[in-house]
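Each remark here refers to the structure printed beneath this line.
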Amino acid sequence: MERLDRLEAVQSMLLEIGQLSTSCSDITAFIEAVHRALGRIMYAANFYVALADREDGTVRFPYFVDEADGTRDPNERITLASPEQSPTAWVLLNRQTLVLTAADFHERLKNSGRWGDGSVPEHFVACPLLDQNHQALGAIVIQSYSPDETYSEEDQALFGLIANHVSNALQGLQSMDRLERAVQERTAALAHEVAERGRAEKVQHALYQIADLSAQALDTDALSASLHGIIGELMVADNFLIALYHPDTQEISIPYFVDQKDSAPSLQRFPFGKAMCSYVLSSKQAQLHDLGSFRQLVANGIVTEPLGNTEIASWMGAPMLVHEKPYGVLVVQSYDPAIVYSKADLDLLAFMASHVAVAIARMQADRKIRKAKQELEQQNAALNDALHALQEAQSELVRQEKLASLGRLVAGVAHEINTPLGICVTATSHLVQELKLTREELAAGEMTEESLATFFDVVDQSLRIMTTNTQRAAALVRSFKQVAVDQSSGDIRSFNLDAYLKEVLLSLQPKLKGRPVKVEVDCPKDLVLDSYPGAVSQIVTNMVMNSLVHGFERDQPGNITVRAAVEEDGWVVLDYADDGAGMDKGTLDKLFDPFFTTKRGTGGSGLGAHILYNLVTGALGGTVRVESAPGEGLRYHLRFPQSLRAEKAAA
């Protein structure tokens, strides 16, 4: 009962870690919550997490609780020691679990003179925190200074399982951490850039403003007023007008007019050729005039029909051109003799006019581009959200599929056990009734030798029935226990493949019961694997379930064969075949794709073959090949090391 309670506590802790990884944004707070939860299932008075930075070769301790060594600064970065000098460094660099006793520590200290910076513990367990590429994110450590508090193999296995879940959570938290830092750095950079712009010359500021206008959805009046304000920051522009050229009608319009003497232009629209605006557009050059030169232009007939007040002190006009194509004219004038424009003012106005022309020319196109861009950004954001949700859903469904496999195993075995137990209950009830009748017969003095013999026959038969069925139930429980433990554990252990395959198939009997499908196992009796039995169990289960769901109809007879052999190179070949429906090349090519299934809604999740592929190529370190054709069944060809522990040591 205590073991069951502990397993339930472990499951609760793993669920809590998963919830914390999505709700907690602070790494230190997350690790502290993990520590609290860990303390509920094992001794955890001394606990710390070290995070490594592969770029600068440093390590920091965001969370450190120790009875003997106090605490550490969570932001202090320490150069990573060599694996011969530090157990934490050993775990990070070797990416393997390390378990040490006090004797081990003293031996290390004797040989190397240094083994870590802290006090010598009685028992030390450290697991690497690995990312999806098997690179070290850091290490998680639990230790004890008391001989009364040590960690059993089960504690170590549970601690390793918890480390895997913490690793997954830390990857998301560190990604969020890096993203927040990137946003902060980018925000700081933008603030610096804005500050630099604030110190820039007024002309540069005006150019940015003009460029910005082309991207704004402004009407003509608002655009013109904004241009007047921008140019007014560069020079005195109390008298200002914008003239636009209309090539289709050969006319000039005055959409914007501000003048100290006239409240409105004499003409809002006039044919091209009249006034100073036409002269500037014809010359395609900026013009600077005073009252004398202006009158000379009129006298010489260069400017015909001047419009507006002619009592000017200084006048400037600059054409708005884009690749020699005229868009209009910017005009600034002064009635005050104290305000006379210079050649520098004229050059500046011409410069502004060229940028205004570009802004006007691009305004409509930019509005369309901006609208399209906004729509694309919204679509991209929606797609990114959908992709993120899909990735999360995929990960969750893969996890649920693994748990569902174990759940189906539990439900099936429970159902199967009910049959022999029910028979035992029936036999027991019958025996109790016969005993009662026999006692009554004896009490009444009616007992005969024949009736006593009959009673003994009933007892004998009942006991045989109960013995047979209790043995059958016990075998089912043993099979279920081993398979269930292996599926929920990630430990390497040695096991007999032939016996284990039969245990797995025994646990699948509830699924095979009532189906005319025969399963044959051909495996050497002495073939022992040093590998992950949980992965083997999941692989065989998925292959059999795939055959039952996709290969055979409900009442269709069929055959499944599982054959195993050892090659000379120490690798195991596991061939699985059924003579079911098979599949075409298009379906076969997608067999290992996640969520691909031809039985959507009728028993197929699309994850069985995907998980199978990941377990063979990942956990078992092997390869998988599949062959099939319509009507010719399905064949898996698996190769993986017989001793995964030796394979890893050699690598």
Side-chain angles (χ1 to χ4, degrees), residues 9-56 58-78 80 86-93 95-99 116-119 121 123-132 134-145 149 151 155-181 490:
V10 171
Q11 183 180 11
S12 175
M13 178 181 178
L14 297 181
L15 291 174
E16 184 177 348
I17 290 175
Q19 293 171 352
L20 284 171
S21 67
T22 59
S23 62
C24 186
S25 60
D26 182 76
I27 291 177
T28 300
F30 167 75
I31 298 173
E32 183 179 3
V34 171
H35 183 202
R36 290 196 302 269
L38 181 64
R40 295 197 296 267
I41 62 173
M42 67 178 70
Y43 179 75
N46 305 282
F47 172 85
Y48 68 85
V49 171
L51 296 181
D53 190 325
R54 292 193 290 269
E55 295 181 1
D56 61 10
T58 62
V59 64
R60 69 184 182 92
F61 297 84
Y63 188 81
F64 190 97
V65 175
D66 194 275
E67 294 173 315
D69 298 330
T71 61
R72 288 178 178 265
D73 182 357
N75 297 316
E76 180 185 5
R77 292 187 176 274
I78 303 170
L80 186 63
S86 165
T88 303
W90 191 97
V91 172
L92 287 171
L93 295 174
R95 293 173 289 179
Q96 295 180 14
T97 297
L98 180 63
V99 180
D117 297 326
S119 304
H123 209 186
F124 174 94
V125 181
C127 294
L129 300 174
L130 304 177
D131 63 16
Q132 58 188 4
H134 205 68
Q135 296 299 312
L137 298 169
I140 183 169
V141 179
I142 189 170
Q143 56 187 347
S144 168
Y145 294 103
E149 299 290 350
Y151 303 102
D155 292 334
Q156 297 169 27
L158 289 177
F159 193 59
L161 178 63
I162 291 165
N164 289 336
H165 284 262
V166 172
S167 299
N168 294 334
L170 277 180
Q171 290 182 70
L173 289 172
Q174 286 190 328
S175 297
M176 186 182 300
D177 214 22
R178 287 192 293 269
L179 179 61
E180 290 177 352
R181 287 200 303 269

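- Here CD of Q156 is found 9.5 Å from CE of M42. Values are rounded to the nearest 0.5 Å.
- Between atom CG of residue L129 and atom CG of residue N168 there is a gap of 10.0 Å, rounded to the nearest 0.5 Å.
- Listed by first and then second residue, the salt bridge (Lys or Arg N to Asp or Glu O under 4.0 Å) pairs involving residues 166-175 amount to none (not counting sequence neighbours).
- With sequence neighbours excluded, the residues forming a side-chain contact (heavy atoms from CB on, under 4.5 Å) with S86 are A81, T88, A89, listed by chain and number.
- Residues passing the side-chain contact (heavy atoms from CB on, under 4.5 Å) test with E76 are D73, I78, sequence neighbours excluded.
- Heavy-atom minimum distance, D69 versus G118: OD2-CA, 3.2 Å.
- For D26, there are no salt bridge (Lys or Arg N to Asp or Glu O under 4.0 Å) partners at least two apart in sequence or on another chain.
- Inter-residue side-chain proximity for D155 and Y43 is flagged as unmet; no heavy-atom pair is nearer than 4.5 Å.
- For D66, the salt bridge (Lys or Arg N to Asp or Glu O under 4.0 Å) criterion is met by no residue, not counting sequence neighbours.
- A distance of 4.0 Å separates CD1 of I162 from CE of M13, quoted to the nearest 0.5 Å.
- For the side-chain hydrogen bond (donor to acceptor under 3.5 Å, both in side chains) condition, the pairs that include at least one residue of residues 30-41, sequence neighbours left out, are E16-R40, H35-Y63.
- Proximity of L14 to L161: side-chain heavy atoms (C-beta onward) are separated by under 4.5 Å at one or more points.
- For P128, the side-chain contact (heavy atoms from CB on, under 4.5 Å) test picks out V91, T97, L130, with sequence neighbours left out.
- Each of Q143, E67, H123 was compared with N46 under the side-chain hydrogen bond (donor to acceptor under 3.5 Å, both in side chains) criterion, and only E67 meets it.
- The line from CD1 of I140 to CD1 of I31 is 7.5 Å long, rounded to the nearest 0.5 Å.
- Closest approach of A52 to A136, counting heavy atoms only: CB-O, 4.5 Å.
- A search for side-chain hydrogen bond (donor to acceptor under 3.5 Å, both in side chains) contacts involving D117 returns R114, not counting sequence neighbours.
- Legend: residues meeting side-chain hydrogen bond (donor to acceptor under 3.5 Å, both in side chains) with D56, ordered by chain and number and at least two apart, are T58.
- When the side-chain hydrogen bond (donor to acceptor under 3.5 Å, both in side chains) test is applied to T28, no partner is found at least two apart in sequence or on another chain.
- With contacts defined as side-chain heavy-atom distances shorter than 4.5 Å, the pair T71/F61 does not qualify.
- Atoms OH and CD1, from Y48 and I142 in turn, are 11.5 Å apart once rounded to the nearest 0.5 Å.
- Between S119 and P121 the shortest heavy-atom distance is O-CD, 3.2 Å.
- Residues forming a salt bridge (Lys or Arg N to Asp or Glu O under 4.0 Å) with D131 (at least two apart in sequence, or on another chain): R54.
- For L93, the side-chain contact (heavy atoms from CB on, under 4.5 Å) partners two or more places apart in sequence, or in a different chain, are L80, P83.
- Under the 3.5 Å distance criterion, the side-chain polar atoms of R77 are left unmatched by any main-chain donor or acceptor of R60.
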